[in-house]
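One structure below.
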Amino acid sequence: MEKISTDAFPLTMHSSEKQETICIFGTGDFGRSLGLKMLQCGYSIVFGSRTPRMSSLLPNGAEVMSYSDAAQKSDIIIIAVHREHYDFLTELTEVLNGKILVDVSNNLKINQYPESNAEYLAQLVPGTHVVKAFNTISAWALQSGALDASRQVFICGNDSKAKQRVMDVVRSLGLTPLDKGSLVAANEIENYPLQLFPMWKFPFYLSAVLCVFFFFYCVIREVIYPYVHEKRDRTFRLPISIPNRVFPIAALTLLALVYLPGVIAAILQLYRGTKYRRFPDWLDHWMLCRKQLGLIALGFAFLHVLYTLVIPIRYYVRWTWNNRTVTQAITKKEDPFSTTTSWLSDSYVALGMLGFFLFVLLGITSLPSVSNTVNWREFRFVQEYPESRGATMMMSSILGPEPNPPPSSNPKQSLDSALIKQ
Amino acid sequence: MEKISTDAFPLTMHSSEKQETICIFGTGDFGRSLGLKMLQCGYSIVFGSRTPRMSSLLPNGAEVMSYSDAAQKSDIIIIAVHREHYDFLTELTEVLNGKILVDVSNNLKINQYPESNAEYLAQLVPGTHVVKAFNTISAWALQSGALDASRQVFICGNDSKAKQRVMDVVRSLGLTPLDKGSLVAANEIENYPLQLFPMWKFPFYLSAVLCVFFFFYCVIREVIYPYVHEKRDRTFRLPISIPNRVFPIAALTLLALVYLPGVIAAILQLYRGTKYRRFPDWLDHWMLCRKQLGLIALGFAFLHVLYTLVIPIRYYVRWTWNNRTVTQAITKKEDPFSTTTSWLSDSYVALGMLGFFLFVLLGITSLPSVSNTVNWREFRFVQEYPESRGATMMMSSILGPEPNPPPSSNPKQSLDSALIKQ
Amino acid sequence: MEKISTDAFPLTMHSSEKQETICIFGTGDFGRSLGLKMLQCGYSIVFGSRTPRMSSLLPNGAEVMSYSDAAQKSDIIIIAVHREHYDFLTELTEVLNGKILVDVSNNLKINQYPESNAEYLAQLVPGTHVVKAFNTISAWALQSGALDASRQVFICGNDSKAKQRVMDVVRSLGLTPLDKGSLVAANEIENYPLQLFPMWKFPFYLSAVLCVFFFFYCVIREVIYPYVHEKRDRTFRLPISIPNRVFPIAALTLLALVYLPGVIAAILQLYRGTKYRRFPDWLDHWMLCRKQLGLIALGFAFLHVLYTLVIPIRYYVRWTWNNRTVTQAITKKEDPFSTTTSWLSDSYVALGMLGFFLFVLLGITSLPSVSNTVNWREFRFVQEYPESRGATMMMSSILGPEPNPPPSSNPKQSLDSALIKQ
């Protein structure tokens with residue numbers, strides 16, 4: 001078999017045979033787009049169709065024939081029809097023998113069928129070399145040339161020479177082939193384009209709930225309560241002051257949730273006395289989305305920094321500062337300088353900035369290309385030690401000065417409230 | 001042939017034959033640098049030269065011989081001479097038969113010759129296995145060890161065993177081989193090092209023109225006009241105030257230009273009634289550089305944020321604020337607090353910050369390593385929906401409050417102008 | 001041999017033989033973790049053990065046998081024992097003949113043995129196909145599913161079919177195989193997990209020394225000296241003001257150290273009259289860690305920006321501004337506006353911001369995924385020209401206005417000192 005396959009498909013095309021012919025079964029949207037792209041890249045294209053005469057809208061320069069005629073023109077046949085219509089291929093078993101069938105199909109739901117479309121195709125037409133490819137590329141993107149997203153084409157198949165041929169075609173279209181191994185991987189490849197940030201869902205909803213809860217808590221405490229009791233209109237705190245209270249709380253809560261599952265897992269292992277049992281599903285899922293939780297926390301921290309740096313530009317803050325100064329000038333009373341307040345206020349701000357700096361470093365190391373260049377020991381060094389340090393810093397900067405604030409030396413007050421509330 | 005090639009080049013070197021010999025034709029700068037590097041990595045090097053006695057400056061430990069003697073010493077021959085001098089190889093056809101020729105040449109211009117140098121070499125000396133490699137690595141970088149840039153060596157060739165051998169050599173020099181398929185890809189590989197940000201040229205010049213135009217517009221309006229009419233010297237606005245007007249305008253204009261070609265393309269397709277015709281070249285090029293336009297817009301937005309946050313540190317702003325307070329204190333007149341102004345000013349700032357946050361997220365997802373980990377559906381979700389949302393926010397924050405600004409409640413005024421102009 | 005190997009190991013598993021059996025020698029921590037993971041991914045696992053009856057704690061579903069019995073069950077045998085205990089394998093030479101041995105071992109020190117463990121194994125049991133793999137993956141990570149760090153499994157081996165088989169196993173565990181070539185690469189792969197940021201050590205210690213030195217210099221000058229001479233308590237300058245002096249100095253010093261070795265190297269080459277001699281080791285090492293030096297400098301620059309933007313929020317600064325205004329109001333004396341001061345202060349700030357912007361751009365291009373997409377010419381364009389421009393800007397912004405500062409027009413004073421010291 002090895003020998004035959006070598007003769008049947010020369011490993012790579014020689015420069016004299018640039019005008020290779022590729023056959024596409026199916027004249028739907030994806031088939032036509034792929035055909036057009038291949039024509040533009042110098043291939044001859046033959047479409048196979050149930051009703052070759054009625055096929056319209058095909059790209060110029062492509063031929064249309066019946067399935068069996070088209071299949072005879074080329075070694076590589078792209079099956080651009082839905083899985084439900086694969087049955088007609090059983091009649092072509094003889095014509096297709098020894099050829100490369102490229103399965104480009106996608107399903108509508110994850111794990112819709114017991115086996116992947118490509119494996120089903122391989123069972124349906126034995127004697128062919130089935131290769132899964134192109135299913136992650138959108139027809140629209142092929143058309144418009146707007147392949148900004150992923151130029152990666154995942155490829156799998158049981159015959160390595162067939163895979164090589166298809167990978168050469170992929171490369172000549174300006175895309176990047178990525179060998180995912182044998183046809184067993186087809187299932188994963190078919191599920192891939194159906195996912196919409198699977199690991200982000202739980203962190204996203206969690207942070208939405210956290211934000212909404214703390215937002216309404218702050219609104220009740222700082223807007224509704226003063227209005228009911230003192231009839232003072234404090235709604236102007238809604239756009240910046242209140243979000244800037246919610247962001248750091250959300251960031252710290254999410255950061256805590258990044259480290260909690262590790263602790264729970266350790267306790268569970270100690271309690272069970274063994275590492276060789278699977279964690280419960282909820283814990284497993286929680287551990288797998290820790291990175292996402294951390295990145296959302298970083299997003300909130302970034303917003304907190306922006307919202308804090310903007311404080312002296314705000315109309316309300318400038319109005320407050322201005323009024324206090326005018327009052328002091330009129331009453332001719334100067335404020336004495338308090339070294340303690342200065343120390344507390346500056347330490348508070350400095351710890352926050354250093355915590356944010358460490359957090360940004362962590363975020364950078366979680367970029368795929370950076371984390372691929374660090375080894376396991378380095379990764380633990382970066383992701384575990386400083387984050388706990390940074391977390392401690394940020395916590396201390398937020399929670400530390402909270403209990404029993406002395407009336408004039410509360411740095412929180414000097415930072416935010418004092419300036420804004422007075 | 002398959003069988004011969006297997007015997008002729010063992011797929012990988014065994015640990016006992018570490019001292020493999022590699023032959024380099026040509027004793028120019030690149031040949032010597034490559035030879036030195038290979039010597040340092042444990043290879044034996046034989047240089048082939050037209051005039052072996054006169055070759056000087058060669059690295060210590062390398063031998064120099066005539067071309068035919070050198071070729072007999074090794075299976076792998078690196079052709080480090082210019083394409084114009086390839087002719088002498090025709091005389092060596094017999095000696096070179098079955099050997100691997102590595103073409104490392106580059107041209108001076110893009111598409112200088114009808115076929116790539118590697119394909120020309122393969123036609124010139126049939127019976128050899130031509131592999132294109134090393135052309136993207138600079139001699140200077142090999143020398144100084146400063147391979148900070150790309151350690152990637154693009155490789156292509158029609159014989160997979162020959163490619164494997166060359167890839168092993170590449171790896172043992174500490175570089176990363178990247179298989180680009182058959183020799184057809186040589187043309188692309190040879191053009192690669194000649195490009196200088198091809199997709200960045202149009203966005204770069206466009207943004208330069210935009211900046212210069214709006215800069216002079218603002219200079220005339222805010223510096224020259226007041227000088228001519230009121231003889232007031234307002235040149236101090238040049239370093240920060242005026243750039244901070246130009247940056248957001250440039251950012252928003254470029255952001256609009258990111259989305260405009262998609263709209264034009266959709267209209268064109270509707271007008272033509274088909275998706276199966278190529279767009280005009282200008283539209284095609286425009287669509288391909290949308291990512292670059294967006295990243296330059298992000299750069300302007302980043303500068304706008306920096307220039308805005310620095311406002312309360314500026315001498316002029318502090319002088320203005322200080323003076324106003326002093327005047328108020330002297331006239332004993334306090335400003336009443338305006339809730340409306342506070343609302344407008346804070347919403348304006350908050351929308352700007354949220355827009356910037358979304359824009360930064362977009363920028364992060366356009367990093368190659370991040371965009372490779374998202375699938376097509378996720379990419380469209382991130383790049384299309386929120387950007388339009390973010391754009392709307394930023395626009396509303398810039399353009400929204402513009403029409404009919406009430407004298408005292410214009411947030412733009414309270415943000416920037418009011419503080420600075422008064 | 002080619003033919004035999006093809007029959008002996010089918011290149012990929014067919015979907016009908018999903019329940020492939022893999023044999024693991026050794027029941028230590030790593031062997032058990034790997035076995036559990038493979039069981040979860042659908043493989044049958046057979047453990048080989050010296051004392052099969054006494055092996056406990058093994059994952060459910062795995063069998064335990066003597067070494068020779070276990071070896072007969074599978075083509076792929078994972079050797080999860082320490083190198084010191086490899087000797088027992090010599091007795092199994094016959095059973096192991098033609099099988100794939102996967103070496104997963106690591107050493108305790110870099111270059112602990114003259115040859116790599118995998119090469120030693122290949123010499124010990126001739127007739128087998130040794131493949132190095134899995135040594136960069138931690139047992140804990142396999143267990144907890146927390147493969148956040150690198151999912152990359154480096155693989156090398158002399159037999160490409162054996163490598164293909166192992167790569168398929170790696171892929172089916174959800175990891176990414178990375179072919180590093182022949183077994184010669186095993187040494188590098190084994191050293192990899194022992195490194196802890198090798199290139200970062202020198203830059204890190206250097207910047208620590210720089211920071212400590214300048215911090216104490218500033219403390220003596222701005223805290224201890226005033227205390228000793230004037231008995232004024234200025235310790236409140238420690239958390240923010242003094243670090244914000246140290247950060248820009250450290251950033252600029254490190255930035256200078258990025259460009260110095262290139263200059264020294266050029267002088268050395270001119271002096272020697274040749275490029276073909278190796279640089280001294282210290283210079284070589286210095287040139288190799290330039291990127292790290294630059295990134296630490298960027299970190300300091302980032303901190304400097306944060307610490308500077310936070311100035312108007314600080315209690316001390318607000319107290320100073322407030323007091324000055326009150327004094328002016330009481331004495332009814334208004335400050336005249338100085339256009340020169342405004343020009344100097346604004347240019348100073350603007351140059352700093354532009355320098356930081358260019359520095360951030362440089363940092364982004366040094367991300368691995370971005371620098372892989374630029375070619376050599378583009379890399380030099382980005383990394384050499386603008387950095388020198390940016391450096392000049394930052395230097396001028398720090399050093400420029402320093403000599404002979406006119407009493408009231410020193411922008412440095414108006415930026416930081418004036419506001420804080422007065």
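Scope of the values below: all heavy atoms of this structure, side chains included, with no hydrogens, waters or symmetry mates. Letters go in sequence order (proteins before strands), and every chain restarts at 1.
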- Message: Pair A/N117, A/D103 - check side-chain hydrogen bond (donor to acceptor under 3.5 Å, both in side chains), show working.
- Response: CA-CA 8 Å; A/N117 299 354; A/D103 184 303; 5.0 Å; no
- Item | Side chain, backbone, both or neither of A/V305 within contact of chain C (heavy atoms, under 4.5 Å) | side chain
- Query: Do NZ/NE/NH1/NH2 and the carboxylate oxygens of A/E188 and C/R171 come within less than 4.0 Å?
  - Reply: no
- Task: Select, from C/L303, C/V170, C/L238, C/L178, the one with the greatest count of heavy-atom pairs under 4.5 Å involving chain A.
- Result: C/L303
- Task: Go through the atoms of C/T235 and report whether side chain, backbone, both or neither lie under 4.5 Å from a heavy atom of chain A.
- Result: both
- Task: Measure across C/A251 and C/F300 and return the closest heavy-atom pair with its distance rounded to 0.1 Å.
- Result: CB-CB, 3.8 Å
- Task: Report yes or no: does C/N135 contribute a side-chain atom to a donor-acceptor pair with the main-chain N or O of C/N106 at less than 3.5 Å?
- Result: no
- Under 30°, 30 to 60°, or over 60°: which ring-plane class applies to A/F337 and C/Y315, parallel, tilted or perpendicular? parallel
- Item | Contact class of A/D179 relative to chain C, heavy atoms under 4.5 angstrom | both
- Message: Is A/P336 in contact with chain C via its backbone, its side chain, both, or neither, using a 4.5 Å heavy-atom distance?
- Response: backbone
